[in-house]
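Data block below; observations after.
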Amino acid sequence: MSLLYTKYKIFHYTDKINSLPETSNEILAPIHVRIKPTNICNHRCRYCAYRKDNLQLGQDMAIRDTIPCAKMLEIVDDLSEMGVKAITFSGGGDPLCYPDIIPTLKRLMETSIQFATLTNGARLQGEIAELFAHYGTWIRISMDGWDDASYKYYRRAGANEYSKIINNMREFKKLDGKCYLGVSLIIDNYNHDKIFDSIQRLSDIGVDSVKISPCIISNKGKENNEYHKPLFKQVKRDIQRARQKFETQNFQIYDAYHELDDKFNKPYEWCPYQQILPVIGADLNVYPCQDKAYNLKASLGSIAQKRFTDFWFEKKKRFFYIKPSKECSHHCVANEKNQIILEYLDADKEHICFV
Ligand code: SF4
């Protein structure tokens, strides 16, 4: 099977890479846009980065913000016209709680944009499930608990919520669509010894993959590493055991439970990724990335009173206000990708042919 998770996808878009530096006169459309349709959520996860006071993510988020339907359709039309290739819906809240998700998906189906969503899976039923199954590219369901009681502890959701979501996934696979169904297992010190059993259950119901990621508990890499250090050995061993037992051509296990330092330190002065994968918040601010979402100081500007197309092509210098070495010492999912792009762009042009 070819690689779903790789840092090098962007090298299929070399025109875009070459347009990124401030010295280039060009602004090209983003390749991929994340949209947060609503901040409303039907779960209250204990570790939710958007609601925790000690994490910078979501610090300026208003819980009730939701993109009005007409504005959402305008955004979809703009992204389609600009040639954006993909949209991922994510939180703030749960994207499937967005009251206008069905008209949004139907409008997207009229475009060539591929779409995906992160969700807790509680509303992956009925018409929403049908539309995603047959027209979506992927869905990733976040999980932590391993049964109804533990799931309730994590999410402060209904007593049978875990069983319901497991059932939603099983039924989703029966729809036999082309949409890839993945699960993201978030690991902390409460569930770290349940990984093997959780993966077995997910393999049994027919999901396509499981990605194992560490719960982020602090803005500092060192504190995250200290928290995960006592769990590390067992987590790695159980992932390895699960891989040997359950992995097949149709069921993949991705180990993203790594040391976190490489997501925190940023030895560079501008951020390429914000022109590649920006985020539109439910507050209609455009943010440079997922890790700066709802941090108003980092907002690239608002599209409440203007179209996204006009906003995007207005001025190049807005993509260079943030100095990552000073302002992004927190978790950053694009850190390694940024460094790879910057090294590529930095190659000495006189010597470029000596490959
Ligand atoms: S360096 Fe990372 S955290 Fe900072 S703006 Fe870029 S993608 Fe976001």
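Each ligand, and each atom within it, is numbered from 1 in the order the structure gives. Numbers here are sequence positions counted from 1. Predicted, not measured: the structure shown is a model, and the values here were computed from it. No hydrogens, no waters, no symmetry mates; every other heavy atom, side chains included, goes into these values.
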Do NZ/NE/NH1/NH2 and the carboxylate oxygens of Lys71 and Glu74 come within less than 4.0 Å? yes
Does any N, O or S atom in Cys289 come within less than 2.8 Å of atom 8 (Fe) of ligand 1? yes
If you have a sec, work out which protein heavy atom is nearest atom 2 (Fe) of ligand 1 and how many Å separate them, to one decimal? Cys332 SG, 2.3 Å
Atoms of ligand 1 less than 4.0 Å from His330 heavy atoms? 3 (S)
Is it true that the NZ or CZ of Arg34 lies under 6.0 Å from the centre of Phe89's six-membered ring and within 45 degrees of the ring axis? no
Test your reading of the model: is there a side-chain donor-acceptor pair from Asn39 to the backbone of Ala62, 3.5 Å cut-off? yes
Thinking salt bridges, do Lys323 and Glu327 make one under a 4.0 Å N-O criterion? no
Tell me: protein heavy atom nearest atom 6 (Fe) of ligand 1, and distance? Cys271 SG, 2.4 Å
Give a yes/no verdict on whether any heavy atom in Glu327 is under 4.0 Å from an atom of ligand 1. no
If you have a sec, work out which protein heavy atom is nearest atom 1 (S) of ligand 1 and how many Å separate them, to one decimal? Asn338 ND2, 3.6 Å
Determine, for Phe196 and Arg241, whether the Lys NZ or Arg CZ falls below 6.0 Å from the six-membered ring centre while staying within 45 degrees of the axis. yes
At the 4.0 Å heavy-atom cut-off, does Asn335 count as touching ligand 1? no
So is Arg318 actually on top of Phe311's ring, under 6.0 Å and inside 45° of the axis? yes
Using a distance threshold of 2.8 Å, state whether an N, O or S atom of Cys328 lies below it from atom 4 (Fe) of ligand 1. yes
